[in-house]
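Note that the structure is predicted; figures quoted are calculated from it, not measured. Basis for what follows: all heavy atoms, side chains included, without hydrogens, waters or symmetry-related copies. Count residues from 1 along the sequence.
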Amino acid sequence: MMLLLSPGSLSSPARYRCRRALRHLRGRARSVALMIINDASSRRLTDWMKGRRWSVLFCSHSVFKRIFRLKRSGFTVTHALHFLQLPSEISGTMEEAEACPVPVLTAEKRSLPDEDPDHAAKRLRVEEEEESRGEDEEEQLEEEVEESFADMMKHGLSEPDVGILKFISEHKGFSGVLKERYSDFVVHEINKDGKVVVLDDLSVPAEAEESSPDCSCAESQTLTEEQKQQLDELQLFKNKEGSVSIEVQEDSKEKRTLLHRAVKTLYPGLETKTEDREGKKFIVAYHAAGKTALAAPRKHSWPKNRGSFCHFVLYKENKDTMDAINVLSKFLRVRPNMFSYMGTKDKRAVTVQEIAVLKISAERLSHLNKCLMNLKLGNFSYKKWPLKLGELQGNHFTVVLRNISGSLEQVEQAMTSLRETGFINYYGMQRFGTTAVPTHRVGRAILQNNWKEVVDLILKPRPGAEKGYLVKCREEWARSQDPEAALKKLPVKRCVEGQLLRGLAKYGKNNIITAFGLIPRNNRLMYIHSYQSYVWNCMVSKRMEAFGLRAVEGDLVLRGSSAHVLSAEEAEKHSVHDVVMPLPGFDVIYPTHSVGGGYRDMLSADDLDIDSMRHKVRDYSLAGAYRRILIRPRDVSWELIQYDDPRVPLVHTDVEKLENAPAPVYLKEGKYRALKMEFSLPSSTYATMAVREVLKMDTSIKNQTQLNTSWLN
């Protein structure tokens with residue numbers, strides 16, 4: 001008998017995982033005990049289980065939360081129960097569970113090595129608070145969804161929907177699971193000097209470590225041992241909302257200044273202020289990220305001989321670049337636009353990239369390593385300039401494809417073709433969204449000046465996987481067309497839907513262009529760039545079908561920054577790797593062969609004039625650009641790996657190397673096989689399209705989810 005957790009008050013993905021595990025166990029164990037919370041949500045889940053051969057046990061909410069916390073920390077459910085003192089009726093179930101071991105499907109949770117237990121305890125408290133808030137919102141806003149995630153993703157996009165149709169290699173394709181774990185996809189940025197960015201040094205530059213002798217003296221003579229301990233605890237987030245008060249024995253401005261400097265220098269992350277209490281002066285230290293902090297932190301002095309920007313390497317796990325920067329800005333109490341970077345990186349991955357921040361010391365940044373989860377900062381340096389988007393040369397990828405079906409010969413043929421010929425430089429599925437309403441359709445409506453359709457496409461109900469509150473918001477909009485009523489259904493207003501509804505509520509439904517302008521500019525431009533990408537994908541598929549792997553008369557090649565049309569004689573001297581295709585716009589030329597006419601036909605079918613790509617709203621005018629149709633990766637290498645446990649990481653990360661953690665051990669014989677590949681790509685090129693060429697299979701979430709589910713079942 002196996003004990004699983006499936007509380008109704010958890011988020012939909014968690015409920016889905018538990019149901020998937022139950023389906024996986026069907027027919028493999030005589031009975032399954034399901035531990036759930038005894039509330040209205042659990043009763044709905046109990047009703048769902050009627051007629052199925054499972055017994056149901058109940059436990060208290062507090063016991064459940066302890067088990068779930070341990071499960072999230074990396075233990076399986078079975079192991080977690082060893083750490084709890086459970087009632088006898090449950091411990092009996094535990095004995096039966098151990099007698100009949102069954103695999104447990106758990107979500108991945110990687111924590112950074114050698115973490116202090118106090119920090120871990122604090123993180124658990126923070127997570128518990130966040131989970132509690134999330135549960136309250138979701139219990140009010142989400143209904144039980146009977147479809148599995150795989151069923152919901154049947155409504156998502158597949159590659160043919162966005163023009164991704166052709167392959168160029170001749171090997172026979174095989175199956176494999178991409179990003180089964182986020183640690184199977186590791187990205188290292190390649191900076192403008194061509195150097196691969198790695199995290200290999202957590203130390204603070206020597207100049208930042210130097211502290212004033214006066215500060216050290218003040219600290220040793222003024223602060224008591226009790227005060228030092230209190231400041232230590234405050235700095236390490238044990239009591240983020242608290243404060244430490246230090247009475248000024250000798251009331252003078254010089255003495256107060258010395259104390260302020262001592263606390264802020266010796267305890268990075270803390271701010272100080274002076275308070276009068278019953279005629280006495282106190283220096284009050286508080287945490288800069290606390291809710292009770294001052295509206296703005298005090299300005300720190302900045303040495304004149306030091307560069308204004310602190311550059312550092314950001315290592316992140318399973319977190320989007322902007323999410324990571326928002327976390328850093330919150331803890332440092334600065335605006336997110338104080339940070340600069342060369343490119344955004346995938347969320348479901350382990351990524352390493354360079355970041356720059358204005359006038360924040362390396363010491364303050366280094367302190368965050370004690371407080372943050374799945375983020376690590378290092379390789380600090382001071383420079384006089386920030387980073388700029390697009391300055392990078394590219395990215396180096398380490399990708400693991402699990403449970404592959406291909407033979408050794410197939411793998412060798414596929415990887416050799418990738419190294420020597422490359423792949424079609426399609427825009428990947430990320431460019432077009434994951435729901436049943438692709439972003440390029442919104443972009444087309446913008447270019448058509450059809451603003452009612454823009455609103456409808458963004459806000460209308462749609463099939464597929466979405467958060468419960470978004471579903472309710474869309475349903476309210478479809479029912480009432482009232483932006484204020486729909487906005488009330490959103491607990492988080494910063495999403496695109498929330499920003500558009502705010503604009504409609506503020507400016508009215510007759511002023512959609514202005515209302516749409518409340519969406520951040522990058523998000524708005526994403527829609528029209530997505531349409532350009534869709535057209536480019538479709539046209540490149542036509543070009544590859546018509547002319548294959550050779551340059552032909554009428555193709556375009558770049559000469560400097562301008563495009564040149566090849567004559568028949570010139571085409572013989574060029575490779576297909578030289579050929580570019582235009583993204584539609586007013587400042588590009590088109591191929592003079594049949595595919596050039598295809599651009600005009602496609603845009604005409606979408607009620608757009610290829611000769612008039614300027615929009616009455618300047619932001620939405622398309623200049624166009626050129627993009628190579630084939631990409632040949634650099635530094636290509638690969639190896640076949642055998643493994644038994646699908647939960648074991650197969651890549652040695654930068655943090656694990658820093659902590660001297662042992663590298664993954666690959667078996668000579670195992671239940672499963674994985675293909676580990678490494679390669680470097682230029683910027684704005686999609687690694688998933690390289691993987692697609694190797695596997696010769698659809699890399700969309702829709703297809704990968706179904707493949708992953710069929711493997712687990």
Side-chain angles (χ1 to χ4, degrees), residues 189-195 340-344 385-395 422-428 431 443 447 521-522 525-526 528-540 542-544 547 549-593 595-600 602-603 608-615 618-634 680-686 689:
E189 194 170 69
I190 303 174
N191 64 21
K192 60 183 179 182
D193 299 323
K195 181 182 177 183
S340 58
Y341 48 90
M342 294 183 284
T344 58
W385 55 85
L387 296 171
K388 294 180 181 178
L389 274 173
E391 276 187 332
L392 73 167
Q393 286 195 16
N395 295 286
F423 60 96
I424 303 175
N425 192 20
Y426 285 122
Y427 286 96
R431 190 82 164 184
L447 295 173
R521 184 173 183 271
N522 285 348
L525 296 183
M526 171 195 70
I528 58 174
H529 292 162
S530 176
Y531 178 74
Q532 285 181 300
S533 305
Y534 169 65
V535 173
W536 194 91
N537 280 358
C538 293
M539 291 300 102
V540 167
K542 285 191 173 185
R543 195 257 172 237
M544 297 307 298
F547 305 115
L549 293 176
R550 61 191 180 94
V552 299
E553 181 181 3
D555 272 336
L556 302 180
V557 296
L558 288 178
R559 290 186 176 174
S561 59
S562 302
H564 170 74
V565 181
L566 291 178
S567 65
E569 184 179 346
E570 289 171 327
E572 294 179 0
K573 300 176 183 178
H574 282 81
S575 159
V576 68
H577 291 92
D578 301 324
V579 176
V580 298
M581 294 274 283
L583 286 88
F586 60 78
D587 198 26
V588 294
I589 62 174
Y590 297 89
T592 56
H593 49 55
V595 177
Y599 276 92
R600 185 175 297 275
M602 186 172 182
L603 267 66
L608 296 172
D609 183 359
I610 199 171
D611 299 317
S612 180
M613 298 301 289
R614 295 186 186 272
H615 198 278
R618 185 177 179 182
D619 273 353
Y620 311 141
S621 294
L622 296 178
Y626 299 102
R627 181 177 174 90
R628 294 190 183 276
I629 65 174
L630 294 188
I631 290 292
R632 198 158 32 197
R634 295 180 290 107
S680 298
L681 295 175
S683 58
S684 302
T685 305
Y686 290 80
M689 294 297 99

Quiz item: OG/S530 to CG/L525 distance, rounded to the nearest 0.5 angstrom?
Solution: 12.0 Å
Quiz item: Quick one: are S684 and R627 in side-chain contact, heavy atoms under 4.5 Å?
Solution: yes
Practice problem: Work out which heavy atom in G343 is nearest to a heavy atom in E189; give both atom names and the distance. | Solution: N-OE2, 4.0 Å
Exercise. With the side chain counted from C-beta on, respond yes when H577 and I631 share a heavy-atom pair under 4.5 Å apart, and no when they do not.
Key: no
Quiz item: Between H593 and F547, how do the two ring planes meet: parallel, tilted or perpendicular, split at 30° and 60°?
Solution: tilted
Exercise. Flag the pair P584 / L622 as yes when at least one side-chain heavy-atom distance between them is below 4.5 Å, and no otherwise.
Key: no
Exercise. Please test I629 against W536 for side-chain contact (heavy atoms from CB on, under 4.5 Å), starting from the C-alpha separation and ending with a verdict.
Key: CA-CA 9 Å; I629 65 174; W536 194 91; 4.2 Å; yes
Quiz item: Tell me, do R634 and I190 make a side-chain contact under 4.5 Å, heavy atoms counted?
Solution: yes
Quiz item: Which heavy atom in M539 sits nearest to a heavy atom in V595, and how many Å separate them?
Solution: O-CG1, 3.7 Å
Quiz item: Looking at P633 and F423, what are the two nearest heavy atoms and their distance?
Solution: CG-CE2, 3.9 Å
Quiz prompt | Gap between atom CD of Q393 and atom NZ of K192 - 0.5 Å precision | solution = 11.0 Å
Self-check item: Residue pair A563 / I589: nearest heavy atoms and the distance that separates them
Solution: O-CD1, 3.7 Å
Practice problem: Measure the spacing between CD of E391 and OG of S340 and express it to the nearest 0.5 Å. | Solution: 8.5 Å
Quiz prompt | V588 vs Y599, side-chain contact (heavy atoms from CB on, under 4.5 Å): CA-CA, chis, key distance, verdict | solution = CA-CA 12 Å; V588 294; Y599 276 92; over 6 Å; no
Practice problem: Check the pair L556, L566 against side-chain contact (heavy atoms from CB on, under 4.5 Å), reporting the backbone distance first and the verdict last. | Solution: CA-CA 6 Å; L556 302 180; L566 291 178; over 6 Å; no
Practice problem: List for me each residue that meets side chain to side chain donor-acceptor pair (under 3.5 Å) alongside D619, sequence neighbours excluded, and say none if there are none. | Solution: R521
Exercise. Without swapping roles, check the side chain of D193 against the backbone of K195 for a donor-acceptor pair under 3.5 Å.
Key: no
Quiz prompt | Any residue meeting side chain to side chain donor-acceptor pair (under 3.5 Å) with Y426, in chain and number order, not counting sequence neighbours | solution = S541
Quiz prompt | Working for side-chain contact (heavy atoms from CB on, under 4.5 Å), residues D555 and V576 | solution = CA-CA 9 Å; D555 272 336; V576 68; over 6 Å; no
Quiz item: CG/N537 to CD1/I424 distance, rounded to the nearest 0.5 angstrom?
Solution: 9.5 Å
Exercise. Indicate the atoms forming the closest heavy-atom contact of Q532 with G624, along with that distance.
Key: NE2-CA, 3.9 Å
Quiz item: Does any non-hydrogen side-chain atom of D611 lie less than 4.5 Å from one of R600?
Solution: yes
Quiz item: Between CG of L603 and OG of S612, what distance do you get to the nearest 0.5 Å?
Solution: 11.0 Å
Exercise. Work out which heavy atom in P582 is nearest to a heavy atom in Y590; give both atom names and the distance.
Key: CG-CD2, 3.7 Å
Self-check item: From CE (M581) to CZ (R628), nearest 0.5 Å
Solution: 14.0 Å
Exercise. Decide yes or no for V557 and E570: does some side-chain heavy atom of the first lie under 4.5 Å from some side-chain heavy atom of the second?
Key: no
